[in-house]
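Every chain is numbered from 1, with letters handed out A, B, ... down the list of sequences. Model, not experiment: these values are computed from the prediction.
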2 protein chains.
Amino acid sequence: MSGILHVLLHMAEHDGPVTSEVLAKAMSTNPVVIRRIMAGLREQGYVRSEKGRGGGWSIARRLADITLRDIYAAIGSPPLLAMANRSDNPACLVERAVNGALGKAFDDAEALLLARFEEVTLADLSADFHAGMNKAGMNKKDTVSLESVHGS
Amino acid sequence: MSGILHVLLHMAEHDGPVTSEVLAKAMSTNPVVIRRIMAGLREQGYVRSEKGRGGGWSIARRLADITLRDIYAAIGSPPLLAMANRSDNPACLVERAVNGALGKAFDDAEALLLARFEEVTLADLSADFHAGMNKAGMNKKDTVSLESVHGS
DNA sequence: TAAAATGTAATATGTAACATTACATGATAC
DNA sequence: GTATCATGTAATGTTACATATTACATTTTA
């Protein structure tokens with residue numbers, strides 16, 4: 001997820017489509033991996049792809065209209081918590097007691113995370129980014145190309 | 001963690017030491033796995049082991065004096081969240097913005113979980129278990145042996 | 001038509017969690 | 001004192017899963 005947000009923000013900073021190859025270099029992964037992830041986001045309408053020369057990926061909505069929760073859902077709502085609250089043997093009363101206590105705590109933590117995700121849009125992240133850029137003494141002339149930040 | 005709590009409660013219900021072999025069957029795993037985990041808990045003083053005939057594992061403290069957080073710490077405080085908030089390239093301002101937003105949410109969720117862990121003792125879980133047993137119409141005569149609940 | 005890009009299936013690789021084997025050590029019963 | 005039962009632990013094997021790669025088809029534009 002962190003990686004996907006990373007890529008999306010880079011796309012937002014870039015005029016025109018960005019190729020899978022360039023995005024892959026920024027995340028130090030393979031272009032095919034990018035295409036697979038983006039294909040899912042495209043189906044939900046968050047990004048768009050263009051083939052052929054001059055093609056690539058671009059964002060299909062306004063940044064303020066995409067929340068972190070949207071992205072989370074778009075990538076299939078993967079598990080947020082590491083310790084699976086397994087209920088191997090629901091007939092075992094000991095296990096039921098354990099599941100009851102842990103389950104509530106885990107559910108609450110998950111709900112907290114999702115609520116936070118809902119509060120934050122890509123526009124917020126973009127604003128944070130630009131604030132950081134000002135703080136670093138850069139201005140708009142300093143091209144924020146993927147290459148300049150992530151190396152060739 | 002859920003598995004360890006499971007084993008500890010079973011030990012608590014059992015008079016006298018329980019062997020690794022029996023515990024392993026209850027968790028459908030290998031006795032050596034049990035020994036490795038329990039060895040860690042023993043170093044922290046939560047359980048004790050006895051060798052030789054009639055030996056096995058037993059709980060070394062009162063249940064009310066062991067919180068879920070104690071157990072969590074005793075097993076090495078493994079990661080609670082599934083999505084690692086990776087900071088591959090802290091020089092990248094985009095990544096910093098993403099880490100900032102996600103990191104806060106993750107930290108808060110983690111803190112919530114730990115706080116909950118601290119509130120619950122093994123005695124609480126044991127009480128839940130006995131409550132469930134009453135509800136199921138059992139009484140103390142119904143032996144709560146590992147075998148009866150988990151199969152041979 | 002050549003080159004550049006995505007689309008996607010099939011396969012490979014890395015790796016972390018878990019399981020197993022094998023053998024050593026200590027404790028108890030007879 | 002020896003046979004048996006139990007833990008202690010190192011070394012190794014297995015599985016599952018996420019990620020990466022290859023290969024080739026398709027679409028688009030110059």
Side-chain angles (χ1 to χ4, degrees), chain A residues 1-4 6-8 11 14-60 72 75-86 88 146, chain B residues 1-4 6-8 11 14-60 72 75-86 88 146:
Chain A
M1 172 127 160
S2 145
I4 293 167
H6 192 166
V7 161
L8 289 175
M11 281 167 53
H14 194 270
D15 292 341
V18 188
T19 68
S20 308
E21 192 172 359
V22 170
L23 293 175
K25 270 181 186 152
M27 288 190 54
S28 48
T29 181
N30 194 288
V32 177
V33 175
I34 299 288
R35 288 185 199 127
R36 265 200 296 258
I37 296 173
M38 299 303 260
L41 294 184
R42 185 189 44 207
E43 281 169 20
Q44 319 286 325
Y46 297 115
V47 300
R48 134 184 74 231
S49 66
E50 294 161 278
K51 295 182 176 178
R53 179 174 292 234
W57 299 91
S58 45
I59 296 196
Y72 171 72
I75 61 180
S77 306
L80 291 168
L81 301 170
M83 298 202 269
N85 188 22
R86 68 169 173 187
D88 275 356
L146 299 178
Chain B
M1 175 127 156
S2 146
I4 292 167
H6 193 167
V7 161
L8 289 174
M11 282 168 53
H14 194 270
D15 291 343
V18 188
T19 68
S20 308
E21 192 173 359
V22 170
L23 293 176
K25 270 181 187 151
M27 289 192 52
S28 49
T29 181
N30 194 287
V32 176
V33 175
I34 299 289
R35 288 185 197 128
R36 264 199 297 257
I37 296 172
M38 299 302 262
L41 293 184
R42 184 188 46 208
E43 281 168 18
Q44 319 285 324
Y46 297 114
V47 300
R48 134 185 75 231
S49 67
E50 293 160 276
K51 294 181 177 179
R53 180 174 292 238
W57 299 91
S58 44
I59 297 196
Y72 171 70
I75 62 180
S77 304
L80 291 169
L81 300 170
M83 299 202 270
N85 189 21
R86 69 171 172 185
D88 276 357
L146 299 179

S.K.: C:dG7 P sits how many Å from A:Leu41 CG, rounded?
M.R.: 12 Å

S.K.: Starting at atom CG of B:Leu23, determine the distance to atom C1' of D:dT7, rounded to an integer number of angstrom.
M.R.: 12 Å

S.K.: Would you mind reading off the distance between B:Arg53 atom CZ and C:dT28 atom C1', rounded to a whole angstrom?
M.R.: 7 Å

S.K.: Measure the shortest side-chain to side-chain distance between A:Trp57 and A:Arg42 over non-hydrogen atoms and say whether it is less than 4.5 angstrom.
M.R.: yes

S.K.: Can you tell me how far C1' of C:dT8 sits from NZ of A:Lys51, to the nearest Å?
M.R.: 10 Å

S.K.: Taking the side chain as C-beta and beyond, is there a heavy-atom pair between B:Thr29 and B:Leu23 under 4.5 Å?
M.R.: no

S.K.: Could you state the CD-C1' distance from B:Glu21 to D:dA6, rounded to the nearest angstrom?
M.R.: 10 Å

S.K.: Rounding to an integer number of Å, can you tell me how far A:Arg35 CZ sits from D:dA20 P?
M.R.: 14 Å

S.K.: If you assign each of B:Gly54 and A:Val33 to its closest nucleotide in DNA chain D, which residue comes earlier from the 5' end?
M.R.: B:Gly54

S.K.: Taking only the side-chain nitrogens and oxygens of B:Ser49, find out if one of them lies under 4.0 Å from OP1 or OP2 of D:dT7.
M.R.: no

S.K.: Which of these nucleotides, D:dA20, C:dA27, C:dA5, is closest to any side-chain atom of A:Thr19?
M.R.: C:dA5

S.K.: Please give, in whole Å, the distance from C:dC18 C1' to B:Met27 CE?
M.R.: 11 Å

S.K.: Using a 3.5 Å distance criterion without hydrogens, assess whether the side chain of B:Tyr46 forms a donor-acceptor pair with backbone atoms of B:Leu8.
M.R.: no

S.K.: To the nearest angstrom, how far is A:Lys25 atom NZ from D:dT21 atom P?
M.R.: 13 Å

S.K.: From C-beta outward on B:Val32, which listed nucleotide comes closest to its side chain: C:dT8, C:dG7, C:dT21?
M.R.: C:dT21

S.K.: Can you check whether B:Val33 reaches B:Ile37 side chain to side chain, under 4.5 Å on heavy atoms?
M.R.: yes

S.K.: For A:Arg36 and for B:Asn30, find the nucleotide of DNA chain C with the closest heavy atom, then tell me which residue's nucleotide is more 5'.
M.R.: A:Arg36

